[in-house]
Each structure stands twice: as structure tokens, then as C-alpha cells.
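Notes for the one structure printed next.
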Amino acid sequence: MYNILICDDEEDIVRALKIYLYNETYTLYEAFNGREALKCIEEHDIHLVLLDIMMPEMDGISAMVEIRKKSNVPIILLTAKSEDSDKVLGLNVGADDYITKPFHPIEVSARVRSQLRRYMQLGGGAVRPDVVRIGGIELDDKEKKVTLDGEEVSLTPTEYEILKLLMQNPGQVFAPGEIYRRIWNDQPFGSENTVAVHIRHIREKLEIDPAEPRYLKVVWGQGYKMEKGREQ
Amino acid sequence: MSAEKKLTGSIPAKIVAFFLLAISFAIAGAGTVMTLYMAEEGIYHNGKRVLVEEGLEEMAYRDYCYLRGMDGFLLNSPDKIADYCEGTNLRVEIYSGGSLLWGNYDGEESLAVYSFDTFAHTVYSDGTGRLEAGNVSDKDSGNTANSYRIKLYIDGDLSAADGYRSLYSLLITLYDLRYAIPIGAIAAVILFFVCFVFLMCSAGHKNGREGIVPSLLNAVYLDVCICIYGGGMILLALLAMDFWHSINDILELIAEVTVFGTAMTVWTTLFCMEAMTRLKLGDWWKNTLIYILFGWVGKVARGIVRGMLSLLCKIPLVLNTMIAFLGLCILEFVGLIFWGSGELAVVWCMEKAVLFFVVLYAALICKKLQEGSEALAGGDLRYQIDTSHMFLDFKEHGENLNRISQGMAAAVEQQIKSEHLKTELITNVSHDIKTPLTSIINYADLISAEQTENEKITEYAKVLLRQSGRLKKLLEDLVEASKATTGNLEVNLQPCEVGVLLAQTVGEYEEKFQDRQLQLITRQPKEQVMILADGRHLWRVFDNLLNNICKYAQENSRVYLTVEERDGEVQIIFRNMSRYALDISAEELKERFVRGDRSRHLEGNGLGLSITESLVELQNGHMDIVIDGDLFKVVLEFQEICCGSGEHLL
């Protein structure tokens with residue numbers, strides 16, 4: 001049983017979200033501005049907050065700052081502001097994820113599930129030597145197994161090798177030719193396209209929105225890189 | 001006024017006036033000559049008799065000369081004298097020493113008597129009536145020359161028709177007309193001037209034509225006309241001089257004056273009319289040979305000067321000034337050597353040395369100002385000219401230029417600010433629209449997911465969902481287009497390997513293309529090609545273009561994605577066959593809200609290509625669209641950068 005707080009000044013949006021997220025395992029609370037949200041978190045044991053930014057009385061960013069003073073609860077920002085600068089601000093101040101309006105219901109529930117799983121199940125995972133972890137992705141080189149927010153993801157051996165290379169060197173940009181040389185142990189004569197296709201497949205398996213990847217990022221015109229997780 | 005205009009324009013009037021002019025001049029000329037002659041003869045204060053006596057004297061003298069014989073040696077024989085007097089009004093008496101030697105004067109009344117004294121050495125005799133030498137010879141102690149008196153009598157009746165009678169009648173006529181002739185001459189002069197003025201006024205006018213009509217002679221240059229006129233005048237004058245020598249009496253004088261004077265007047269009048277016509281036409285000096293020659297010479301000179309100047313302009317300013325200055329110095333120096341003294345040369349050298357630095361300094365300032373104005377013209381509004389080392393007008397000029405750049409910079413800043421405000425407005429409005437749109441999308445989705453017997457509701461909800469989805473896309477594109485076109489987008493240019501981008505693109509689009517049975521063929525040069533671009537924006541460009549291709553390409557066709565490198569320019573070319581006929585120009589396609597399929601079979605808002613172009617231009621690239629039948633081609637052009645620096649940055 002998880003308690004989720006939905007906070008938005010638009011009653012219609014709150015209601016729609018409640019409908020989407022409604023199932024046996026979630027208990028849904030609602031708030032219509034930042035102050036109510038803070039009060040709700042005081043009163044109840046909340047496991048996840050969906051927070052709008054632009055609200056009367058107290059906006060989402062200020063509310064989030066207040067929440068972060070006391071709690072480590074996952075916060076997903078939900079906003080009409082889609083500028084890069086807004087996203088960066090939100091994530092820097094303490095948000096765990098970011099959804100822009102108008103959102104797709106499936107995306108919302110996927111992101112909610114992902115955050116809850118990580119927070120509730122993997123929160124205090126022990127550090128194991130053969131395991132590389134970035135965000136919700138865990139690569140266990142001993143068992144040749146990759147999990148995303150605790151759920152196993154099935155990858156082909158080549159995809160696994162590529163992901164391993166990228167995850168072991170987070171933040172480093174690998175050109176497709178370089179990846180080809182490392183994985184296939186061969187000179188890439190026009191085979192960079194193959195690498196690109198593999199990367200796309202990996203992204204489709206790991207990312208909620210492959211067009212806006214959180215982990216496996218495309219550096220256009222240069223190569224690919226794994227985002228450095230905030231945990232590192 | 002109009003009557004006069006008509007008169008000045010009518011050709012018969014002009015001809016009449018012209019003839020009147022000629023005749024009046026002839027009369028005036030003749031009258032003047034006659035009047036002068038009469039004044040000379042004293043017609044106005046002496047009596048008629050004196051007039052006749054004096055008028056005939058000349059003729060009588062000529063007769064006397066004939067009678068006396070040649071060279072003073074001879075005296076014609078009485079027979080010859082008698083023969084000579086036969087049929088004339090002349091009667092002769094010859095005296096020697098007071099006694100009559102010979103005579104045919106019979107004592108009738110004579111009109112005038114003229115007596116001449118002469119010496120003669122010999123007197124011819126034909127044997128019948130020998131004339132003896134008189135007492136005169138005694139004085140001279142020799143018979144070589146004797147004194148004679150010859151008396152000439154003019155017959156009072158003038159019974160014979162000879163020169164005396166005609167001259168006499170002329171003189172009488174003149175005497176009778178002695179007051180009429182000057183008056184007539186004056187009248188003729190007045191008429192002459194009237195005609196002349198009329199002709200001058202009418203010159204160039206022609207009935208039925210507006211304004212001044214150039215004559216047929218207009219094609220001839222004015223100075224050529226003057227030469228022809230002068231030549232004619234000189235010819236006439238020569239002819240007149242020729243005739244002048246053979247003038248014998250007053251009648252011939254009158255005739256000559258009349259004929260040549262009139263001819264010259266007519267000639268002059270013709271010339272004056274021509275000149276007047278041109279004067280009235282205005283710009284008469286342009287129709288002269290001299291003007292044209294000078295104009296031609298001027299043009300050639302100007303061309304030469306301009307050529308020299310343009311040649312000089314190609315040499316940088318400072319060098320230019322120095323060359324001019326040194327050239328002048330050398331010229332002066334040469335002059336000084338030839339005409340100057342030693343002390344002067346020293347002073348001159350010192351003065352030039354000082355002047356050299358002054359000129360150099362001024363040229364350097366000019367160069368600085370030129371650079372500043374060039375920067376300003378090139379759009380660098382932050383450029384400020386350092387005026388601290390400048391003086392006088394240079395300083396003022398430099399400060400003015402600085403002020404211009406400041407003013408312009410302020411204006412540009414204002415412009416940028418307003419562009420920012422515009423984008424901000426669009427962004428804010430789109431935020432406000434997004435919130436209600438979220439609800440619309442969500443509830444439409446909920447309705448469509450609802451289990452209901454009424455299928456129509458589901459169907460309608462799907463329409464709502466689809467259309468609100470389009471609205472969402474349109475909003476996003478609108479914001480992006482506004483940002484991209486106003487340059488309100490952060491652009492982070494980095495070296496970007498085109499080959500890698502191509503591979504990544506293929507990876508992203510492989511499946512999408514396969515779904516549409518499109519075959520993507522990429523071609524690129526063997527060497528690495530690097531360009532300076534913002535990877536994310538460039539990907540947006542690729543994404544838009546490839547999305548377009550997916551949407552509009554003919555199924556089962558090939559799509560070519562080619563990279564070409566030529567002279568430091570990298571061309572990325574997208575080529576595909578269109579599914580629909582492209583009845584639209586490339587220029588139109590780039591405009592906002594224009595779509596390739598006019599009938600709008602497919603979704604889209606027509607902002608794609610506009611955004612794409614703006615994004616390409618933000619990255620200092622250039623986008624070209626070529627439509628060739630069904631072939632749709634997009635060419636992106638970027639500057640290539642050196643590979644070395646690219647790898648260093650990687």
C-alpha cells in the first residue's frame with residue numbers, strides 16, 4: 001500500500017490523475033496548492049508526490065524546498081513549463097523526475113511506478129563489487145543480469161556488452177566506431193549504423209520515454225554516453 | 001498677340017520681310033552715298049550753278065587731259081581736237097601767251113567754262129593749220145617747252161547726248177531731290193530695322209508647330225556656321241575691293257555700294273536668323289564643334305583621372321599618402337636643385353622632415369577612422385575608435401562615429417529586447433493554454449477508454465483525442481519556431497562529426513523507414529568530416545527532415561542521405577521521391593504554415609521546414625530546397641572545420 005499525494009491547482013487535472021493512478025495498491029491524497037501539500041505530508045505518511053509548479057499561494061518549487069528539508073520522498077514535477085532551464089532548475093532543487101503537460105497517462109503511471117520501486121525496494125541496497133548501478137539501472141556482471149528499478153530487463157549479449165561499456169565509464173562519450181572496435185574487436189568499415197541500432201534498442205528497453213532518455217543519452221554528432229547518476 | 005504669332009510664323013510674311021529688308025538696305029545704301037556725295041559737292045549751301053560747275057569739272061578735267069596729250073609733251077593736233085569735240089557738248093580754245101591759237105568755240109552761251117594752263121614741248125601739226133609757238137618761248141631762252149592755256153566750254157543747251165548731258169541731268173535730279181533723298185534713306189533705314197527686328201523675332205517660329213522649330217541647318221555645328229558666314233563675308237569683301245578700283249563716277253559707286261552692301265546684309269541677316277533660332281532653342285553652346293571637342297577631351301581626361309584614382313585606392317591608405325607625399329617631395333627637390341640655392345635646400349629638407357611625420361600621423365589616424373567605419377559598416381556595433389591620440393577634426397569625426405555605433409547598438413538592443421518579449425509572450429501564452437489542454441486530452445482519453453454501448457461516443461472521443469494531440473504539437477512547434485526565428489535559443493556550437501551523426505540517424509530511423517518500406521542509402525566521404533554545430537539542434541533538423549520524408553516519401557522507394565565535401569563546404573543532402581505531386585515552390589514551402597500537400601491528406605502544421613531552416617541558420621548553416629519534378633531535395637550547407645582541432649576537443 002503506497003500513499004501518493006497529487007498536488008495541482010487545476011481540480012480537473014487532479015481528478016484525471018486520480019482516475020489514472022487508481023488501483024488497489026495506491027492510496028491517493030490531493031492538494032491544490034503548496035501549503036496544502038505540506039500540510040498533507042505532515043499529516044500522512046506519503047511515499048510519492050506529484051507536484052505542479054505554477055500554483056497559487058505557494059508554488060511547487062518552494063513547496064519542494066520545504067519538503068526536502070524534512071523528507072527524502074520522491075517528487076515528480078508536473079508542469080506546463082517545458083523549457084530546458086525549467087527542467088534543470090526543478091531537478092537541481094530536488095525533484096526526482098519531471099513530466100511536462102500535456103502528459104500521457106501511461107507515462108505518468110510508468111514514472112510513478114519506477115520512482116516508488118526505487119524508493120521503497122532498493123532504497124538501501126548494499127554495495128556489491130560486481131554490480132554497477134546508475135539511477136534505477138543495475139548491471140550485475142557476475143550474473144550477466146540487468147535490472148531496471150528492480151525488474152529484470154532482457155538484453156541480447158551485444159546489447160549487454162555495449163551497456164556494460166557505457167555504464168563502467170559513466171559520463172564518457174563513445175563514438176560509434178569506438179564502441180564497434182571495443183565490442184566487435186574489429187575495424188568499423190561503415191558498421192557504425194549497427195551500433196546505432198543496438199543503442200536504440202537498449203534505450204527502448206531501459207527508458208520510459210526513449211525520445212527523452214534519462215540514462216542512455218545521445219550526444220549528436222559525437223557518440224553516446226551514460227549519464228552520471230546522482231548517487232555517484 | 002495671336003495675330004502676331006501667326007505673322008511671325010507665316011513663311012510668306014518672312015519672305016516678304018526679307019525682300020523688304022534687302023530693298024530697304026539697297027535704298028538706304030544708295031541714298032546715303034548720294035547724300036554724302038551731295039554734301040561733298042556742297043549742294044546744300046551753294047547754288048545750283050556751282051553744283052553743276054563743280055559736278056562737271058571732273059569730267060572736263062578728264063577731257064582736258066585727253067586733249068593735252070600724253071606726258072605733257074604733246075598737244076593734239078587741231079583736227080584731232082575737232083574730231084574729239086564732234087558730237088559732244090565740249091568746245092575748246094587754245095591760247096598761247098594770251099593769243100588764241102585755235103578754237104572751235106563760237107561764243108554761244110556756255111554752261112560752264114574751265115581753263116587749264118599747261119606746258120608742252122612739241123605741238124604736232126598735220127600741215128594744214130600749224131600752230132606757231134607763242135611768245136612764251138621767249139622767256140625760256142629755248143623752244144623746248146611752251147606755255148599754253150586751254151579753255152573748255154560746255155555748251156549751254158547741252159544739245160549733244162554725251163556724258164555731260166547725262167551728268168548734268170543727274171545733278172539736276174539730285175538737286176531737285178536733295179531733300180527727298182536723305183529722308184528716303186532715313187525711312188529706308190527705319191524700314192530696314194523694322195524688317196530686321198521682325199525677322200529676328202520670327203526666327204524659329206513656324207505656324208502649326210509649338211515652340212521653337214530648329215532650322216534645317218541645325219545639324220551643322222554653330223562654329224561651322226560662323227566659319228561659313230565669315231568665309232562668305234570675306235569673299236564678298238574681296239569682290240568689292242576688286243570692283244572698287246575700277247569705279248569711275250558716282251553712279252558706279254552707288255551701284256557697288258548698293259549691290260555689295262545688300263549682298264552682305266542679306267548674308268548677315270540669314271546668319272543672324274540662324275543664330276537667333278539657336279539662341280531661342282537654348283543650350284546653343286552645346287551644338288558647337290568646340291563644345292563637343294572639349295567634352296570629348298574632358299571625358300578622356302576624366303577617365304584617365306578616375307583610372308588613376310581607382311588604382312590608387314587599391315593601395316592601402318597610409319602607403320598611398322606616403323607615395324603621394326614622397327612624389328611631391330622629389331618633384332620639389334628637383335625644382336630646388338635647378339633653381340634654388342644651397343641654404344634653401346637645407347631649410348627645405350628640415351621642413352619636409354617635420355612635415356613627413358605630420359602627414360604620416362594624419363594618415364595613421366585616417367586609417368584608424370577608416371577601420372572604425374568599416375567595422376561599423378560590417379555590423380560590429382561594439383567597436384569603439386580610440387580618439388585619445390587624435391586632434392582637431394579627426395577627433396570630432398572619430399567621436400561622431402563612436403556616437404553612431406552607440407546609437408545603433410542601443411537601437412539593436414531595443415530590437416532584441418522586443419524580440420525577447422515576443423517570444424516570452426508566446427511561451428507564456430502557450431503555458432496557459434497547456435493546462436486546459438491537458439485536461440481536454442486526459443478526459444478525451446478517459447472517455448474513449450470508457451466501456452459504453454454507444455459506439456459513437458468512443459468514436460467522437462477519439463476525434464477529440466487526436467485533434468487535441470495535434471493542438472499540443474502545434475503549440476510546441478509554435479514556441480520552438482518563435483524561439484528559433486528570433487534566435488532566442490541557446491546555441492552551443494561544438495565540433496560535430498557528420499559521419500557519426502549520420503550513423504546515429506540511421507540507427508534512430510531504421511525501423512520507421514522499414515515500416516514504410518523505404519530504403520535509406522547513406523553516402524559519405526572516406527575521411528572524417530567535421531562541422532561546427534549544436535548537436536541537439538542539428539538532430540532536431542535531421543529529425544524534422546526525416547520525419548517529413550517518412551510522411552511524404554513514395555512507399556517502396558529509396559531515400560538518399562549524402563554527405564559531400566567541397567572547398568571547405570560540407571553539404572548534407574536529403575533526397576526522396578514525393579508521394580504527392582509537388583505543386584508548390586521551394587520558397588513557399590519554407591514559409592510558416594505551408595504544407596506540401598495542399599489538400600492536407602496528412603497531419604502536420606507546416607511549421608517543420610520553417611523551424612528547420614531557422615535552426616540551420618542559427619548554427620551558421622544554410623538550407624536550400626530543390627524541387628525537381630517528384631524529386632524533393634534538401635541541401636544543408638555548413639563550413640567544414642579542421643579535423644585536428646575537432647579531435648582535440650573530443
Side-chain angles (χ1 to χ4, degrees), chain A residues 8-20 52-54 78-86 99-106 108 172-180 188-204 210-211 217-224, chain B residues 427-428 430-443 445-446 449 468-469 471-472 475-476 479-480 483 489-490 494-511 520 522 524 526 528 530-543 646 649-650:
Chain A
D8 197 311
D9 59 331
E10 282 283 325
E11 207 176 319
D12 292 334
I13 292 179
V14 175
R15 262 177 58 203
L17 281 169
K18 280 176 88 172
I19 295 166
Y20 286 130
D52 185 20
I53 291 182
M54 287 184 293
L78 193 68
T79 174
K81 285 191 168 187
S82 56
E83 258 71 350
D84 288 347
S85 54
D86 297 324
I99 300 174
T100 54
K101 288 180 190 173
F103 47 76
H104 205 278
I106 296 162
V108 177
Q172 189 182 333
V173 179
F174 287 91
E178 174 72 9
I179 295 174
Y180 193 87
F189 292 116
S191 310
E192 289 93 337
N193 297 358
T194 324
V195 176
V197 173
H198 279 294
I199 297 271
R200 182 168 52 82
H201 287 156
I202 299 170
R203 252 187 10 239
E204 276 162 8
K217 300 224 163 154
V218 188
V219 184
W220 298 103
Q222 293 181 4
Y224 302 95
Chain B
T427 316
N428 286 342
S430 87
H431 286 160
D432 291 344
I433 295 173
K434 270 179 192 169
T435 308
L437 186 62
T438 309
S439 293
I440 293 171
I441 290 175
N442 290 343
Y443 285 94
D445 183 50
L446 288 172
S468 50
L471 191 58
K472 171 189 161 189
L475 264 177
E476 283 166 1
V479 172
E480 193 168 2
K483 278 185 188 168
L489 214 55
E490 203 182 310
Q494 277 189 327
C496 197
E497 206 180 310
V498 182
V500 172
L501 188 68
L502 232 56
Q504 289 173 328
T505 310
V506 174
E508 297 301 316
Y509 269 89
E510 197 202 32
E511 236 159 65
L520 181 64
T522 58
Q524 52 176 307
K526 285 209 174 67
Q528 273 193 354
M530 306 285 288
I531 59 171
L532 208 57
D534 184 317
R536 281 178 45 189
H537 294 323
L538 195 56
W539 163 245
R540 266 294 291 183
V541 170
F542 273 55
D543 199 28
L649 273 163
L650 269 171

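All values below come from the heavy atoms of this structure, side chains included, with hydrogens, waters and symmetry mates left out. Here is how names work: the chains are called A, B, and so on, in the same order as the sequence lines, proteins then strands, and each is numbered from 1.
- A 6.0 Å sphere centred on NE2 of A:His201 holds more than 12 heavy atoms belonging to other residues, nucleotides or ligands.
- Taken from CG in A:Asp12 to OG1 in B:Thr438, the straight-line distance is 10.5 Å, to the nearest 0.5 Å.
- Contact annotation for A:Arg203: only side-chain heavy atoms (C-beta onward) come within less than 4.5 Å of a heavy atom of chain B.
- Taking CG from B:Leu437 and NZ from A:Lys101, the interatomic distance works out to 11.0 Å, rounded to the nearest 0.5 Å.
- A search for ring-ring contact (aromatic ring centres under 6.0 Å, His included) contacts involving A:His198 returns A:Trp184, not counting sequence neighbours.
- A:Gln222 pairs with exactly one of B:Gln494, B:Glu497, B:Gln504 by the side-chain contact (heavy atoms from CB on, under 4.5 Å) rule, that one being B:Gln494.
- Neither the backbone nor the side chain of B:Leu538 comes within contact range of chain A; no heavy atom of the residue lies under 4.5 Å from a heavy atom of that chain.
- Counting heavy-atom pairs closer than 4.5 Å to chain A, the top-ranked of the candidates B:Glu510, B:Glu508, B:Lys472 is B:Glu508.
- Counting heavy atoms from C-beta outward, A:Trp220 and B:Val500 have side chains that stay 4.5 Å or more apart.
- Other residues, nucleotides and ligands contribute only 12 or fewer heavy atoms inside 6.0 Å of the CD atom of A:Glu11.
- Listed here is the closest heavy atom pair of A:Ala16 and B:Asn442: CB-CB, 3.9 Å.
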For this session: Go through the steps to decide whether B:Ile441 and A:Phe103 satisfy the test side-chain contact (heavy atoms from CB on, under 4.5 Å), and finish with yes or no.
Result: CA-CA 9 Å; B:Ile441 290 175; A:Phe103 47 76; over 6 Å; no
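- In terms of heavy atoms, B:Ala503 sits closest to A:Ala196 at O-CB, 3.1 Å.
- B:Thr427 touches chain A through its side chain: at least one heavy atom from C-beta onward sits under 4.5 Å away, while N, CA, C and O do not.
- B:Tyr443 places no side-chain N or O within 3.5 Å of a backbone atom of A:Ile13 that could act as its donor or acceptor partner.
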For this session: Kindly indicate, with the supporting measurements, whether the criterion side-chain contact (heavy atoms from CB on, under 4.5 Å) is fulfilled by A:Arg200 and B:Glu511.
Result: CA-CA 10 Å; A:Arg200 182 168 52 82; B:Glu511 236 159 65; 3.5 Å; yes
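- The most heavy-atom pairs under 4.5 Å with chain B, out of A:Asn193, A:Val219, A:Thr194, A:Leu17, come from A:Asn193.
- Looking at every heavy atom in both residues, A:Gly221 comes nearest to B:Cys496 through CA-SG, 3.2 Å.
- Atom NZ of B:Lys434 is separated from atom OG1 of A:Thr79 by 8.5 Å, given to the nearest 0.5 angstrom.
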